[in-house]
Amino acid sequence: MMFAITPHVRRKQRHETIAKWVFFGMAASMIVPLVLIIGYLVERAWPSLSLGFLIDVPARGMKEGGVWPALVGTIYLVVLSLAVSAPVGVLAAVYLNEYARDNWFNRIINLAVINLAGVPSIVHALFGLGAFVYAARFGYSIISASLTLAIMTLPVIIASTREALASVPRTFREACWNVGATRWQTIKAVVLPNSISGILTGIILQVSRAAGETAPIMFTGAVFFKAVQKGDFFPYRLHEQCMALSMHLYTLSTQVPGVKESVPFATAVLLLGAVILVNATAIILRGYLRARKKW
Amino acid sequence: MSASSQPCITTRDLNLWYAKFQALINVSVDIKEGLITSLIGPSGCGKTTLLRCFNRVNERYGYVTTTGQIRILGKNIYDPDVSLIELRKSVGMVFQRPNPLPISVYENVVFGLRIHGEGDVLRRASLDQAVETALTEVGLWNDLKDRLDAKATTLQLEQQQKLCIARLLPLKPRVILMDEPCSALDVEGTRAIEELMFGLKGRYTILIVTHNMAQARRASDECIFMLLGERVEHRRTEDLFLAPGNPRTAEYIEGRYG
Ligand SMILES: Nc1ncnc2c1ncn2[C@@H]1O[C@H](COP(=O)(O)OP(=O)(O)OP(=O)(O)O)[C@@H](O)[C@H]1O
Ligand SMILES: [Mg+2]
């Protein structure tokens, strides 16, 4: 008979089914840890979760109260570090992707970027300590900590920006060159407008990374405790040290005896919540900008 | 067109290497002003490469070396005082896949003016005028005059390709290079582009690469046959097809390879 299902074919179909479910299982298993982590944290943190936790200052030797000084400190550090690494990273990526010829010097730059992206954060911390705290004499301060975070995020921003630039079709550039546009005009007129969503996404994803790392700021500008007024938006000077959420979580969990159990968990929930919020913003923004350009 | 036209593009002993690979070998041609010249030859023989020499776009790759001479309208385009910007304004290019920018039809047409123009040229009225003139010249004005704000990438392919030609015109080019401009189009689209070429002939020197023998025959005044990076034959199209002077040309146009 024509087109009959032979045993051979049936075996192949079976393998196909198995393969599909194995792959699906692996992908789906990613959800499990996320749900478990969030569920566990929220459950333990529950007694402390409230708006007051956000805007209150720590009380009774940090055993109770809220996280306001750490929250503000983290915002300071993230904003300042990205204010440095985003422009530098984007401009460097534009150079590497749009201008650089393939010569030994640019290959060295490339190699440096790739290797910097792989350096562990504790090494960045030591570098920051040596370079900013001591050599540049910024001392233990918000400036030193932000610059250290900037160095840490810079190579990743360069890499993600390059990827975004490279995704702009070559034909758009050719269209520009062929009416006599210079490279800069080409970049302004077609390359940046068509890669901005990818560039922004890459930068925003580094927000959560800068907010989450402890090591780089611990050595350079974050402190265990700083007295701050409840709800004060500008409690810190740039040459002073500050508190930060990631550091605060570490302090509460390991350095302070007798902390109310739900407080560190609530801090963790806040940190995780902020990361998820930021990443979701990045995804939504990308989707929105993509829908607008569509070529 | 008279056969005594001035040469518009002249090359002498043009050699081009992509790194170690030689893609053009001692190419010497005289392409006449105001005519349509077609460039034929099997895949990989260097047609695109030759075309891209004429507006010096090849140089955007760092590993390309060129020797020999190219004169366009009497000027050696490798002279140090030649501005790439001015050269590319005069020598426009149309690609295999239409490549309108992902902006409106209107902005596509005035793109070149915005890049180069200053002052009066950029007044709304003169831009409007430039758009109407250019779109009329390529036969798109009636279809698109109410849709100038439409995104160019949403047009039909044929309209996109015409738009890509229209985009060159406000810069007053002297030469239009076309690299297989019809290969993404259907029969209707191909015919439309050919008609457009006839309309532009005389005012512009047109150089078209094609794989379609029938198109080369229909649409060009002169024809250049290339093989493995060399110019094999360059004659009036009818002569080349009726009585090819070189046995390799004959083999190609009879379809023995390609
Ligand atoms: N950017 C490049 N780098 C290296 N080699 C190239 C490059 N572009 C073309 N070549 C090589 O140069 C030769 C000529 O290529 P070219 O694209 O000019 O041929 P073509 O005649 O236009 O072919 P087709 O009809 O397929 O478009 C080919 O062997 C090709 O592999
Ligand atoms: Mg080609």
Side-chain angles (χ1 to χ4, degrees), chain A residues 93-111 162-201 285-295, chain B residues 19 48 51-52 54-64 82-103 107-117 151-154 160 163-173 175-179 184:
Chain A
V94 167
Y95 171 76
L96 290 174
N97 211 57
E98 305 295 320
Y99 287 92
R101 303 230 154 167
D102 187 24
N103 60 28
W104 64 269
F105 183 67
N106 291 315
R107 258 178 255 160
I108 287 178
I109 299 184
N110 262 328
L111 212 61
R162 285 194 67 171
E163 211 170 289
L165 295 173
S167 73
V168 176
R170 196 190 161 71
T171 55
F172 290 0
R173 293 185 177 82
E174 285 181 337
C176 284
W177 298 345
N178 277 288
V179 292
T182 62
R183 274 176 205 262
W184 171 231
Q185 286 175 317
T186 307
I187 292 167
K188 240 183 351 183
V190 304
V191 178
L192 287 182
N194 289 298
S195 57
I196 192 72
S197 61
I199 295 175
L200 287 181
T201 312
L285 181 76
R286 182 172 52 191
Y288 168 73
L289 288 168
R290 260 209 200 131
R292 257 193 3 177
K293 75 183 178 196
K294 231 190 327 189
W295 55 68
Chain B
T48 300
L51 214 58
R52 292 166 65 98
F54 298 147
N55 61 1
R56 290 181 59 183
V57 164
N58 279 329
E59 293 164 38
R60 287 271 157 131
Y61 304 106
Y63 52 93
V64 170
V82 165
S83 147
L84 279 187
I85 293 173
E86 293 303 316
L87 174 68
R88 290 187 187 140
K89 277 165 72 176
S90 297
V91 183
M93 184 143 178
V94 178
F95 296 83
Q96 197 163 347
R97 297 236 15 121
N99 63 346
L101 294 168
I103 46 182
E107 285 301 321
N108 261 284
V109 179
V110 300
F111 186 79
L113 291 178
R114 286 209 196 281
I115 293 272
H116 300 291
K151 202 168 223 192
T153 39
T154 62
Q160 290 189 15
L163 180 65
C164 290
I165 298 171
R167 180 170 63 194
L168 305 173
L169 304 182
L171 295 176
K172 314 239 174 304
V175 180
I176 298 179
L177 309 171
M178 301 183 171
D179 194 354

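Bear in mind that the values here come from a model prediction, so they are computed numbers and not experimental data. Reminder, nothing fancy here: chain letters follow the sequence lines and each chain counts from 1.
Proximity to chain A is limited to the side chain of B/L171, based on heavy atoms less than 4.5 angstrom apart. Contacts between B/P100 and chain A at a heavy-atom distance below 4.5 Å involve the backbone alone (N, CA, C, O).
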All N/O donor-acceptor pairs, side-chain side in residues 170-177 of chain A, below 3.5 Å, sequence neighbours left out:
from	atom 1	to	atom 2	distance (Å)
A/R170	NE	A/E174	OE2	3.3
A/R173	NE	A/E98	OE1	3.0
A/R173	NH1	A/V168	O	2.9
A/R173	NH2	A/E98	OE2	2.8
A/R173	NH2	A/L165	O	2.9
A/E174	OE2	B/R52	NH1	3.4

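A/L289 is not listed as a side-chain neighbour of A/R286, based on a closest heavy-atom distance of 4.5 Å or more.
Looking only at heavy-atom pairs under 4.5 Å with chain A, the residue among B/E86, B/R114, B/H116 that has the most is B/H116.
In this structure, CZ on A/F105 lies 11.0 Å from CG on A/N110, to the nearest 0.5 angstrom.
Residues B/C164 and B/L168 share a closest heavy-atom pair of O-CG, 3.6 Å.
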